A.B. asks: 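Below is a structure I'd like to ask you about.
Note that this is a predicted model, so its numbers are computed, not measured.
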Amino acid sequence: MINIQITPAVFEYDVQSLVQAFYPGEPFAVNKEAEDAERMIQVSFEENRIEAKVVAKGEKSSVESTELPVDCLDVSNRRTVKNELKKMLYRLFVKDTGKELPWGNLTGIRPAKIPALMMEQGMKEEEIRSRMKKEYLISDKKLNLAMQVAKSEKQLLDGINYKEGYSLYVGIPFCPTTCLYCSFTSFPIQRYQDKIQNYLSAVIKEMEFLGEQLKGRELNTVYIGGGTPTTLQPDELDRLITALKKNFDFSTVREFTVEAGRPDSITKEKLEVLKKHGVGRISINPQTMNEETLKIIGRKHTVSQVLDAFRLAREVGFDNINMDFILGLPEENEEMIRYSFQEAAKLKPESLTVHSLAVKRASRLSMNKQRYEKLKMENDTEQMDIAGEYAKQLGMEPYYLYRQKNMAGNQENIGYAIPGKECLYNVLMMGDYQDVWAVGAGAVTKLMSEDRLEGKRIDTLKNVELYIERIDEMIERKKEVFEIK
């Protein structure tokens, strides 16, 4: 147990994030009594001084402090103080643990956004690199990756009117089964079969409202995700996409993606419906090509089904197929990871999305910790390099990345693609480049400020029954943005 004491608590989240990165899996309490704590982390603020210390049982405490030219307790100085605090804590935790983190003290989820914004301000590459090293203590390897992705994003968005345009996300929150690590809005399709039509009616009602309000604005990308959209039957997919194209002008759409996802949900008939409606990009996601791991994580499909689904997609005519993999899955080692990518390479997908396992509170893996505590889940830079090696063999380059809390090995999620086959939606959404309007249960609309530093979120209810029942309220939440009386 780690006892964290911080006063005032305004920087509580930043301290927690670094603690979880340096001491993965360790339980912690914040500003509470924790008599059985093996470690105490204390952070205190004075007018222009911060002090932090780590006190481990039976050991001498480590202390870091810094003087700042600003008032630490003044809310207007929050960004400056936060950056200095994170550098202090990073140095302190390196002393305590003897290890450094590949991403330094970066705990935000969009590391490529930082150099991208600096580029937009006209900074030269040398200056950007110097500032990134100084402010975030990032390793050279990860800095090179962030810089490469930032440059790729700039090139990909050249010629797209993304500042005036928008993207659209449609959420289908159903899956064949719920995976062990999953924290997304997902419900077993078998138990919700009798609610599908009512759910689609509610989504279409949201679409009708939104399509009317956004008339005249340029729609750049459309992404149907979940869940697993292909849990819907062919006629249900047809109904959904027909309504989608009726309510939104697709003449400016640069990319239309459907996350087919689970191979055990894919049929030729469903793929033909997607193709008929002009879907250009799909994702078939094995997560691993090792049968033993698939059983552990509750995927309930086989490697053979992955191969069959991929073959069907090619037969139907899809020439832009992504495959998702997760590194850090239970009991997987480097040999197993290499095998997964060897098998994937034989299929020659146009893109690979490589995730580092992130254990979130809403996942079964987190909620039933005791049951799964003996499972070994590890990831490191060497394992991420295996994915990069196979991506390179397939002619792919990294084009977007993001990070999450509690990622195995403090690594990242990264997308590789053959030039011309990148997912523009991922770049626009993860880079905070434009507004992303979202419909469906659990879908989150993100509206960005002009400087891309702030944003507004509009949530919808995750529960399917409540979403259907309260669809008018979901629409009202969006109405406020358009100032409709």
A.B. asks: Between the side chain of Glu255 and the main-chain N/O of Leu424, is any donor-acceptor distance below 3.5 Å?
C.D. replies: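 Side chain of Glu255 to backbone of Leu424, a donor-acceptor pair under 3.5 Å: yes, one is there.
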A.B. asks: Pair Val203, Ile471 - check side-chain contact (heavy atoms from CB on, under 4.5 Å), show working.
C.D. replies: CA-CA 8 Å; Val203 170; Ile471 186 59; over 6 Å; no
A.B. asks: Above 12 or not: heavy atoms from other molecules or residues under 6.0 Å from NZ of Lys124?
C.D. replies: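 Counting neighbours around NZ of Lys124, 12 or fewer heavy atoms of other residues, nucleotides or ligands fall under 6.0 Å, so no.
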A.B. asks: Have a look at Asp432 and tell me which of Arg110, Lys163, Arg452 forms a salt bridge (Lys or Arg N to Asp or Glu O under 4.0 Å) with it.
C.D. replies: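 For Asp432, the salt bridge (Lys or Arg N to Asp or Glu O under 4.0 Å) check succeeds only for Arg110.
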A.B. asks: Leu447 versus Trp437: any side-chain heavy-atom pair under 4.5 Å?
C.D. replies: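 The answer is yes; the side chains approach within 4.5 Å.
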A.B. asks: Give a yes or no on whether Glu450 atom CD has more than 12 heavy-atom contacts from other residues, nucleotides or ligands under 6.0 Å away.
C.D. replies: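 No, not enclosed.
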A.B. asks: Carefully, step by step, assess Glu206 and Tyr467 under the rule side-chain hydrogen bond (donor to acceptor under 3.5 Å, both in side chains).
C.D. replies: CA-CA 11 Å; Glu206 253 200 299; Tyr467 171 79; 2.5 Å; yes
A.B. asks: Is there a salt bridge (Lys or Arg N to Asp or Glu O under 4.0 Å) between Arg338 and Glu389 once you walk through the steps?
C.D. replies: CA-CA 10 Å; Arg338 190 170 290 280; Glu389 170 192 328; 3.0 Å; yes
A.B. asks: Report the distance from atom CD of Glu382 to atom CD of Glu334, rounding to the nearest 0.5 Å.
C.D. replies: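 Interatomic distance, Glu382 CD to Glu334 CD, rounded to 0.5 Å: 6.5 Å.
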A.B. asks: Please walk me through it: do Glu26 and Arg39 pass salt bridge (Lys or Arg N to Asp or Glu O under 4.0 Å)?
C.D. replies: CA-CA 10 Å; Glu26 290 283 341; Arg39 235 176 212 85; over 6 Å; no
A.B. asks: Is any side-chain heavy atom of Asn3 closer than 4.5 Å to a side-chain heavy atom of Met1?
C.D. replies: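 Asn3 vs Met1: side chains apart.
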A.B. asks: Taking the side chain from Thr231 and the backbone from Cys175, do they hold a donor-acceptor pair closer than 3.5 Å?
C.D. replies: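 No, Thr231 side chain to Cys175 backbone: no donor-acceptor pair under 3.5 Å.
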A.B. asks: Nearest 0.5 angstrom please: Asp451 CG to Leu117 CG, how far?
C.D. replies: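 That separation rounds to 8.0 Å.
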A.B. asks: For the backbone of Glu422 and the side chain of Ser351, can you confirm whether one donor and one acceptor N or O come within less than 3.5 Å of each other?
C.D. replies: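 Such a contact is absent between Ser351 side chain and Glu422 backbone.
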A.B. asks: For Lys60, does the NZ atom sit with more than 12 other heavy atoms under 6.0 Å from it, leaving out its own atoms?
C.D. replies: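 Atom NZ in Lys60 is not crowded, with 12 or fewer foreign heavy atoms closer than 6.0 Å.
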A.B. asks: Has Lys195 got its NZ or CZ under 6.0 Å from the middle of the six-membered ring of Tyr192, at an angle within 45 degrees of the ring axis?
C.D. replies: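 Yes; both conditions hold, so Lys195 lies above the ring face of Tyr192.
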A.B. asks: Determine whether a donor-acceptor pair (N or O, by modelled atom type, separation under 3.5 Å) exists between the side chain of Asn410 and the backbone of Ala21.
C.D. replies: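 No, the answer is negative, given that no donor and acceptor are paired below the 3.5 Å cut-off.
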A.B. asks: Could you walk me through whether Asn290 and Ser340 pass the side-chain hydrogen bond (donor to acceptor under 3.5 Å, both in side chains) test, one step at a time?
C.D. replies: CA-CA 7 Å; Asn290 293 283; Ser340 283; 3.2 Å; yes
A.B. asks: Kindly assign one of parallel, tilted or perpendicular to the pair Phe341 and Phe325, based on the angle between their ring planes and the thresholds 30° and 60°.
C.D. replies: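 Taking Phe325 first and then Phe341, their aromatic rings sit tilted (interplane angle of 30° to 60°).
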A.B. asks: Can you see whether Tyr23 engages Asp96 through a side-chain donor-acceptor pair at a distance of less than 3.5 angstrom?
C.D. replies: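 Tyr23 vs Asp96: donor-acceptor pair found between side chains.
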A.B. asks: Where the side chain of Arg49 meets the backbone of Thr66, is there a donor-acceptor pair that is under 3.5 Å apart?
C.D. replies: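 No; zero donor-acceptor contacts below 3.5 Å.
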A.B. asks: Using modelled atom types and a 3.5 Å cut-off, is there a donor and acceptor pairing between side-chain atoms of Asn413 and backbone atoms of Leu401?
C.D. replies: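 Pair absent, no side-chain N/O of Asn413 close to backbone of Leu401.
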A.B. asks: Calculate, to the nearest 0.5 Å, the distance between atoms CD and SG belonging to Glu51 and Cys72 respectively.
C.D. replies: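 One finds 12.0 Å between CD of Glu51 and SG of Cys72.
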A.B. asks: Determine, stepwise, if the pair Phe22 / Tyr90 fulfils ring-ring contact (aromatic ring centres under 6.0 Å, His included).
C.D. replies: CA-CA 9 Å; Phe22 273 97; Tyr90 184 85; 5.4 Å; yes
A.B. asks: Kindly say whether Gln287 contributes a backbone atom to a donor-acceptor pair with the side chain of Asn285 at under 3.5 angstrom?
C.D. replies: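 Not at all, since once roles are kept as given, no pair shorter than 3.5 Å links the two residues.
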A.B. asks: Are Ser152 and Glu397 close enough, and set up right, to give a side-chain hydrogen bond (donor to acceptor under 3.5 Å, both in side chains), and what steps lead you there?
C.D. replies: CA-CA 9 Å; Ser152 173; Glu397 295 291 336; over 6 Å; no
A.B. asks: Decide side-chain contact (heavy atoms from CB on, under 4.5 Å) for Phe174 and Tyr199; before the verdict, give the C-alpha distance in whole Å, the side-chain angles of both, and the deciding distance to 0.1 Å.
C.D. replies: CA-CA 11 Å; Phe174 306 109; Tyr199 178 76; 3.9 Å; yes
A.B. asks: Would you name the heavy atoms of Ala37 and Lys57 that are closest together and state the gap between them?
C.D. replies: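 Scanning both residues, the minimum pair turns out to be O-CE, 3.2 Å.
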A.B. asks: Less than 4.5 Å apart, any side-chain heavy atom of Ile41 and any of Ile2?
C.D. replies: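 Ile41 vs Ile2: side chains touch.
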A.B. asks: Counting only heavy atoms not in Glu67, do more than 12 fall under 6.0 Å of its CD?
C.D. replies: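 Buried by this count: over 12 neighbours within 6.0 Å.
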A.B. asks: Start with the C-alpha distance between Thr257 and Thr221, add both sets of side-chain angles, then the distance that settles side-chain contact (heavy atoms from CB on, under 4.5 Å), and finish with yes or no.
C.D. replies: CA-CA 8 Å; Thr257 296; Thr221 71; over 6 Å; no
A.B. asks: For Ser167, does its backbone N or O pair with a side-chain atom of Gln434 as donor and acceptor, under 3.5 Å?
C.D. replies: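 Present.
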A.B. asks: How close do Ala112 and Val149 get, heavy atom to heavy atom, and via which atoms?
C.D. replies: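 What the structure gives for the nearest pair is CB-CG1, 3.7 Å.
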A.B. asks: Would you name the heavy atoms of Gly328 and Leu357 that are closest together and state the gap between them?
C.D. replies: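 The pair with the smallest heavy-atom distance is O-CD2, 3.1 Å.
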A.B. asks: Could you check, using the six-membered ring where one of them is a Trp, whether Tyr416 and Tyr390 have ring centers closer than 6.0 angstrom?
C.D. replies: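 Not close enough - the centres of the two rings lie 6.0 Å or further apart.
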A.B. asks: Can a donor-acceptor pair be found, under 3.5 Å and without considering hydrogens, that links the side chain of Gln342 to the backbone of Ile337?
C.D. replies: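 Not at all, since once roles are kept as given, no pair shorter than 3.5 Å links the two residues.
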A.B. asks: Under 6.0 Å from the CD atom of Gln155, do we count more than 12 heavy atoms belonging to anything else shown?
C.D. replies: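 Incorrect, the count does not exceed 12.
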A.B. asks: Would you name the heavy atoms of Val258 and Pro229 that are closest together and state the gap between them?
C.D. replies: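 The pair with the smallest heavy-atom distance is CG1-CB, 4.0 Å.
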A.B. asks: Taking atom NZ as the centre, does Lys133 end up with more than 12 heavy-atom neighbours from other residues, nucleotides or ligands that are less than 6.0 angstrom away?
C.D. replies: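 Enclosed: over 12 neighbouring heavy atoms sit under 6.0 Å from NZ of Lys133.
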A.B. asks: Please find the pair of heavy atoms, one from Lys86 and one from Leu18, that lie closest to each other, and give the distance.
C.D. replies: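 For Lys86 and Leu18, the tightest heavy-atom pair comes out as O-CD1, 3.7 Å.
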A.B. asks: Passes side-chain contact (heavy atoms from CB on, under 4.5 Å), Val10 versus Phe45? Steps please.
C.D. replies: CA-CA 11 Å; Val10 63; Phe45 298 84; 5.9 Å; no
A.B. asks: Can you check whether Leu106 reaches Lys142 side chain to side chain, under 4.5 Å on heavy atoms?
C.D. replies: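 They are not in side-chain contact.
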A.B. asks: To the nearest 0.5 Å, what is the distance between CD1 (Ile6) and CG (Asn31)?
C.D. replies: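 So the CD1 of Ile6 and the CG of Asn31 are separated by 7.5 Å.
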A.B. asks: Tell me whether the count of non-hydrogen atoms from other residues, nucleotides or ligands lying under 6.0 Å of CD in Glu164 goes above 12.
C.D. replies: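 No, because the 6.0 Å sphere around CD of Glu164 holds 12 heavy atoms or fewer from other groups.
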A.B. asks: Using a 3.5 Å distance criterion without hydrogens, assess whether the side chain of Arg129 forms a donor-acceptor pair with backbone atoms of Met147.
C.D. replies: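 Checking the backbone N and O of Met147 against the side chain of Arg129, no donor-acceptor pair under 3.5 Å is found.
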A.B. asks: How long is the straight-line distance from OG1 of Thr353 back to CG of Asp324, given to the nearest 0.5 Å?
C.D. replies: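 Between Asp324 CG and Thr353 OG1, I get 4.5 Å after rounding to 0.5 Å.
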A.B. asks: Less than 3.5 Å apart, any donor N or O on the side chain of Glu153 or Tyr400 sitting next to an acceptor on the other?
C.D. replies: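 Side-chain D/A pair, Glu153 to Tyr400: absent.
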A.B. asks: I would like to know whether Gln16 and Gln20 meet side-chain hydrogen bond (donor to acceptor under 3.5 Å, both in side chains); could you show each step before the answer?
C.D. replies: CA-CA 6 Å; Gln16 283 182 46; Gln20 288 172 298; 5.5 Å; no
A.B. asks: Nearest 0.5 Å, please: how far is OG1 in Thr293 from CD in Glu332?
C.D. replies: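 The OG1 atom of Thr293 is 3.5 Å from CD of Glu332, to the nearest 0.5 Å.
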A.B. asks: So which of Glu476, Lys478, Arg477 actually passes side chain to side chain contact (heavy atoms under 4.5 Å, CB included) with Met474?
C.D. replies: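 For Met474, the side chain to side chain contact (heavy atoms under 4.5 Å, CB included) check succeeds only for Arg477.
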A.B. asks: Are Lys87 and Glu135 close enough for a salt bridge, meaning some N to O gap below 4.0 Å?
C.D. replies: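 So Lys87 pairs with Glu135 through a salt bridge.
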